[in-house]
Amino acid sequence: MKFLTVGAGLSGAVLARGLAQAGHMVTVIDSRHHVAGNCHTERCTETGVLIHAYGPHIFHTDDAEVWAYANRFARFMPFSNRVKSTVDGAVYSLPINLHTINQFFGKTFSPSEARAFIETTQADRSLTNPQNFEEQALRFIGRDLYDAFFKGYTEKQWGCAPSALPAAILKRLPLRFNYDDSYFSHRFQGIPEQGYTAMVTSILNHVNIDVHLETAFTRAIEATVDHVIWSGPLDSYFGHRLGRLGYRTLDFERFVAQGDWQGCAVMNYGSRDVPFTRITEHKHFAPWEMHDATVCYREYARDCGPTDTPYYPIRLVAEKALLGQYQDLAAAEKNVSFVGRLGTYRYLDMDVTIRESLDLLPLLLARFGHVGAGQTARTTHIGNSLRI
Ligand code: UDP
């Protein structure tokens with residue numbers, strides 16, 4: 001059978017690999033000049049630093065099978081993200097932990113004292129069933145911490161009132177009553193030593209996979225295959241015929257300096273008065289490398305226009321109906337599988353995209369069969385145009 005994978009990010013690559021190993025022929029196209037989608041990494045020619053070109057990506061998961069899968073295609077180096085936030089002239093540790101609480105309120109609380117303090121003097125316990133981001137924050141951390149660390153940042157990041165956003169966005173971040181300042185709580189955490197693009201290239205490195213970069217999807221290409229794996233924006237497959245789903249895009253203001261510019265990989269800026277959300281200093285994502293110079297990105301979020309790169313599906317509470325209509329259209333497309341953050345319009349992390357692709361694979365194989373013994377990799381063809 002012939003498959004077309006639209007998008008050479010993690011979701012598409014994992015499915016392409018699984019289908020290829022089952023003997024199917026897979027064409028992978030991507031409109032960009034590189035594989036790996038938004039986790040693309042590249043060497044900065046000026047400083048030699050490995051850049052997370054579309055913003056910071058740290059691999060973190062509790063899923064042992066996904067972790068083992070990723071480690072088949074890359075050597076992972078241990079990495080624990082320790083994010084800081086600058087608010088009103090002070091630097092705090094995130095996610096909110098005992099150090100943040102003690103510093104912010106000028107206290108020396110023990111874990112149980114801090115928990116009691118937040119629950120009895122800060123949290124709004126009248127919000128028994130938080131319906132949105134703001135209510136979730138007020139319920140669990142209260143107004144003061146919310147205003148300092150989340151309100152302004154979230155308005156900048158999402159371009160709307162936090163009360164219009166789903167509570168699930170805030171649930172991504174833990175609240176800790178100890179001094180654990182690791183941004184993620186997962187068992188397995190790391191970054192590929194050679195970056196994500198090398199990892200995805202390795203996943204795609206199979207004799208049955210043809211990769212064509214700088215190649216746009218067309219109905220003519222689609223007509224040449226038996227099944228499409230679509231990892232582009234959900235609404236774009238349907239030509240936005242019901243209207244546009246909202247995405248946020250990012251602009252990066254790059255600057256280079258000598259030495260260590262901010263002392264950590266990610267510094268957030270909670271205040272609305274600072275126009276950017278965070279500064280990423282890329283060399284701190286690869287502490288096993290040595291570089292004299294350093295390169296940083298100031299990150300600005302804005303609404304995604306038709307020609308911009310979509311990063312974040314907004315999922316406004318009020319937009320559920322439109323999303324539901326697109327989901328109905330997608331469910332009726334029997335020859336297309338919609339996958340990944342953009343294809344399913346969900347705020348997914350890398351490990352979940354791999355998990356979902358690994359779970360979809362047996363369903364596709366049950367439908368399309370195994371063609372022959374799986375072959376091991378020789379070299380895949382990576383070109384930049386597809387002729388049909
Ligand atoms: N967030 C915030 N302040 C911060 C960090 C995060 O308000 O300093 C909120 C913001 O709405 C963000 C969400 O929490 O979109 C999830 O944060 P995460 O760090 O997971 O965002 P990502 O790294 O995926 O952009």
Side-chain angles (χ1 to χ4, degrees), residues 10 37-39 52 54-61 79-88 90-97 100 104 130 132-138 140-176 181-186 189 191 246-252 262 264-274 276-280 282 285 297-304 309-317 340-342 346-353:
L10 268 179
N38 282 6
C39 66
H52 292 217
Y54 299 89
H57 282 77
I58 298 99
F59 201 93
H60 51 98
T61 188
F79 185 85
S80 177
N81 202 20
R82 296 182 195 282
V83 176
K84 306 287 174 242
S85 183
T86 297
V87 174
D88 294 334
V91 178
Y92 299 90
S93 147
L94 281 187
I96 291 183
N97 61 71
T100 326
F104 188 80
N132 57 54
F133 184 107
E134 182 169 272
E135 288 184 6
Q136 178 77 8
L138 295 176
F140 289 100
I141 58 171
R143 172 68 61 188
D144 294 345
L145 290 167
Y146 168 65
D147 281 351
F149 295 102
F150 295 102
K151 187 169 186 293
Y153 188 101
T154 297
E155 286 168 0
K156 290 188 285 185
Q157 171 73 15
W158 296 98
C160 62
S163 56
L165 292 166
I169 296 179
L170 185 65
K171 290 182 191 162
R172 292 170 59 81
L173 305 185
L175 164 65
R176 298 208 188 98
D181 63 347
S182 172
Y183 204 64
F184 306 111
S185 308
H186 296 97
Q189 303 186 32
I191 290 181
Y247 299 86
R248 294 292 277 175
T249 191
L250 300 176
D251 294 322
F252 299 105
Q262 66 180 13
C264 64
V266 181
M267 176 67 76
N268 290 355
Y269 288 82
S271 164
R272 275 233 68 150
D273 302 340
V274 178
F276 44 88
T277 51
R278 58 186 173 186
I279 298 181
T280 298
H282 294 268
F285 289 122
Y297 280 12
R298 281 191 198 94
E299 195 170 312
Y300 299 81
R302 64 176 167 81
D303 276 340
C304 185
T309 305
Y311 285 71
Y312 298 90
I314 304 179
R315 289 186 87 97
L316 287 179
V317 175
R341 187 184 270 218
L342 302 178
R346 287 174 304 148
Y347 192 174
L348 302 180
D349 288 327
M350 290 183 284
D351 63 325
V352 182
T353 66

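Note that ligands are numbered from 1 as they come in the structure, with each ligand's atoms numbered from 1 the same way. For reference, positions follow the sequence shown, starting with 1.
With S182 contributing its side chain and F184 its backbone, the two residues share a donor-acceptor pair below 3.5 Å.
A tilted orientation is assigned to the rings of F79 and F285, their planes being inclined by 30° to 60°. The aromatic rings of Y347 and W158 stand perpendicular to each other, their planes meeting at an angle above 60°, with 30° marking the opposite boundary. Aromatic ring orientation, F104 versus F149: tilted (interplanar angle from 30° to 60°).
The closest side-chain heavy-atom distance from M267 to V91 is below 4.5 Å. With a 4.5 Å cut-off on side-chain heavy atoms, L165 and I314 count as touching.
Annotation: F150 places an N or O atom under 3.5 Å from an N or O atom of ligand 1; distance criterion only. Ligand 1 has an N or O atom lying under 3.5 Å from an N or O atom of F149, backbone or side chain. By the 3.5 Å distance cut-off applied to N or O atoms, S85 is not counted among the residues near ligand 1. Between Y153 and ligand 1, no pair of N/O atoms sits closer than 3.5 Å.
The shortest contact between atom 5 (C) of ligand 1 and any protein heavy atom is with N268 ND2, 3.4 Å. In terms of protein heavy-atom proximity, atom 19 (O) of ligand 1 is nearest to Y183 OH, 2.5 Å. The closest protein non-hydrogen atom to atom 12 (C) of ligand 1 is W158 NE1, 4.0 Å.
Using 4.0 Å as the threshold, L170 has no heavy atom nearer than that to any atom of ligand 1.
Salt bridge annotation for D181-R176: absent, with no cationic side-chain nitrogen under 4.0 angstrom from a carboxylate oxygen. With salt bridges taken as basic N to acidic carboxylate O contacts below 4.0 Å, one links R143 and D147.
Of the candidates Y347, Y92, Y311, the one placing a heavy atom closest to atom 24 (O) of ligand 1 is Y347. Counting only non-hydrogen atoms, the option in R172, R278, E155 that gets closest to atom 23 (O) of ligand 1 is R278.
Set against the non-hydrogen atoms of T154, the atoms of ligand 1 under 4.0 Å away are 2 (C), 7 (O), 9 (C), 10 (C), 11 (O).
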